[in-house]
Each structure stands twice: as structure tokens, then as C-alpha cells.
Amino acid sequence: MSAALQMTAFALALLSTLFLLLATCTDCWMVNADDSLEVSHKCRGLWRECVTNMQDGVRTCDQYDSILADHPVKIMVTRTLLIAADLLAGLALITLLLGLDCIKFLKEDPHIKLKMCYMAGVILGIGSILGLVGSVWYAVDVYVERVMLVSHNIFLGVHYDFGWSCWLGMAGSTGCLMASILLTCCLY
């Protein structure tokens, strides 16, 4: 039972960490959500903004000036929290891999291996909270920005909705949280 639970938690943590990494690296956190016929599809991410021409499929991207340049708070906070979540999830994966019963590392001391799995669960839990806060922060800021424009009857020609990268960040963080719960609560 313990080995099956460990492998389930490892598979979930691995998939969720990949989702978090993809969310951090991709550039579709906000997408244009107009109902009118559009000739282009716009995505904004944490690192750049991309426009895809719908007629010929040509995609062009504009990198943000610099990582250290002045950016909106939502981009800076989300970058920081997601990078921290990625690093913690990676550390937790390595710790969990070494703590699995099927790995021969420290095979003679199962108590330490169990503690390593527990520690991996704690690290995953911290990383998942950081990832959730970053993803939800960004989503709430996009929503508030849209509501403020609508409430003041301001139409800029384009309004943005949550992109698939934002959803991927939330899914990855939630998966890490579930793996953390499996490792910290259910393993004992």
C-alpha cells in the first residue's frame, strides 16, 4: 500500500511540476476575448507578448525590455512566485525520488526514506501554495482590470481573459498540493 501511494504521489508530483514549468515558460497568460471577428489572436505572458495572424498563421512575439525593467506588479509577483514554486517542486521531486521504496538509495534504513517522503510532501505543499497564490493573483488582477474598464464604460478595442498558461499554473499547483497531501497525511 505504501509503495503504491508513493508511486501515485510521485507521478502526480511529476506531472504537476511539468505543468508548473510550462506555465512559467509559456506566454499565454492573458488572451484577447473579443466576440467580434478578429484577424489576429493576442496572448500576453510573463516574459513576452505574442500576436498570431489568423489568416496565415504567422506568429510574432515582442520580448519585454528586460527582466529587471519596471513591469506591472502582477507580472513581477507572478514571475517570482512561479519561479520559486518551480524550484521547490523540483527539489521535492528529487527528495521524493530518493525516498521511494523502489529506489536502492538508503535501502537499509526505511525510517529515513519515510522521512524523506514526508519532507518532499512538505516542500511540495509550500511550492504549491506559492504557485497557487501567483496564478490566482494574476487571474484576479486580469478580472479586476476588466471589471474596472467595463464599470467606467471604457472600451479599448480589446479586452483580455485568462489564458491557458494561467489555467496550467493553477492545475499544476493544485496537483502539487494533492501530491503533498498524499505524502504528508496519507503515507503514515
Side-chain angles (χ1 to χ4, degrees), residues 1-31 44-47 67-68 71-145 161-188:
M1 178 69 176
S2 175
L5 192 62
Q6 285 178 352
M7 292 306 290
T8 303
F10 179 75
L12 184 59
L14 180 65
L15 182 66
S16 300
T17 301
L18 289 175
F19 281 2
L20 272 175
L21 286 169
L22 278 173
T24 305
C25 297
T26 54
D27 46 314
C28 209
W29 281 76
M30 289 173 32
V31 295
R44 286 188 184 168
L46 302 177
W47 311 102
I67 293 175
L68 302 175
H71 294 291
V73 174
K74 72 179 172 188
I75 289 179
M76 297 303 292
V77 169
T78 306
R79 279 181 185 175
T80 304
L81 291 173
L82 260 82
I83 289 171
D86 292 342
L87 292 173
L88 287 172
L91 176 66
L93 270 177
I94 293 168
T95 306
L96 179 58
L97 183 64
L98 294 175
L100 292 176
D101 288 339
C102 60
I103 302 297
K104 293 185 180 185
F105 180 73
L106 292 174
K107 193 72 167 176
E108 64 279 349
D109 201 351
H111 186 66
I112 290 182
K113 289 180 84 71
L114 190 62
K115 282 187 177 185
M116 288 177 78
C117 288
Y118 182 78
M119 185 56 125
V122 170
I123 295 170
L124 264 177
I126 295 168
S128 70
I129 290 170
L130 293 177
L132 273 173
V133 168
S135 300
V136 171
W137 168 288
Y138 196 92
V140 166
D141 197 60
V142 168
Y143 177 77
V144 167
E145 180 181 320
D161 213 354
F162 314 130
W164 59 270
S165 296
C166 187
W167 292 112
L168 203 59
M170 288 184 211
S173 299
T174 304
C176 284
L177 184 62
M178 291 189 314
S180 171
I181 290 170
L182 281 176
L183 291 169
T184 55
C185 300
C186 302
L187 198 56
Y188 286 101

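Scope of the values below: all heavy atoms of this structure, side chains included, with no hydrogens, waters or symmetry mates.
Residues I123 and A92 come closest through the heavy atom pair CG2-CB, 3.7 Å. When every heavy atom of L12 is checked against every heavy atom of A179, the shortest pair comes out as CD2-N, 3.6 Å. Closest non-hydrogen pair, M116 versus T95, comes out as O-CG2, 3.4 Å. Taking every heavy atom of both residues into account, A4 and T8 meet most closely at O-OG1, 2.8 Å. Contact between C176 and A89 at its shortest, heavy atoms only, is SG-CB, 4.4 Å.
Looking only at distances, a side-chain donor or acceptor of T80 sits under 3.5 Å from a matching main-chain atom of M76. W47 contributes a side-chain N or O that, together with a main-chain N or O of T24, makes up a donor-acceptor pair within less than 3.5 Å. Judged by distance alone, the side chain of W29 and the main-chain N or O of A139 form no donor-acceptor pair under 3.5 Å.
Note: L114 CG to L183 CG = 10.0 Å, rounded to the nearest 0.5 Å. In this structure, CG in L81 is found 13.5 Å from OH in Y138, a value given to the nearest 0.5 Å. Atom CD1 of I83 is separated from atom OG1 of T78 by 10.5 Å, given to the nearest 0.5 angstrom. Atom OG of S16 is separated from atom CG of L93 by 9.0 Å, given to the nearest 0.5 angstrom. In this structure, OG in S173 is found 4.5 Å from CG in L20, a value given to the nearest 0.5 Å. If you take CG on L182 and CZ on F10, they are separated by 14.0 Å, rounding to the nearest 0.5 Å.
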**OP:** Please test S165 against D27 for side chain to side chain contact (heavy atoms under 4.5 Å, CB included), starting from the C-alpha separation and ending with a verdict.
**Re:** CA-CA 7 Å; S165 296; D27 46 314; over 6 Å; no
Original post:
Between V122 and S180, is a side chain to side chain contact (heavy atoms under 4.5 Å, CB included) present by the stated rule, with each step listed?
Top reply: CA-CA 6 Å; V122 170; S180 171; over 6 Å; no
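Side-chain contact check for V142 versus K74: some heavy-atom pair is nearer than 4.5 Å.
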Contacts under 3.5 angstrom, residues 126-137 side chains, donor-acceptor by atom type, not counting sequence neighbours:
from	atom 1	to	atom 2	distance (Å)
S128	OG	L124	O	3.3
S128	OG	G125	O	2.7
S135	OG	G131	O	3.0

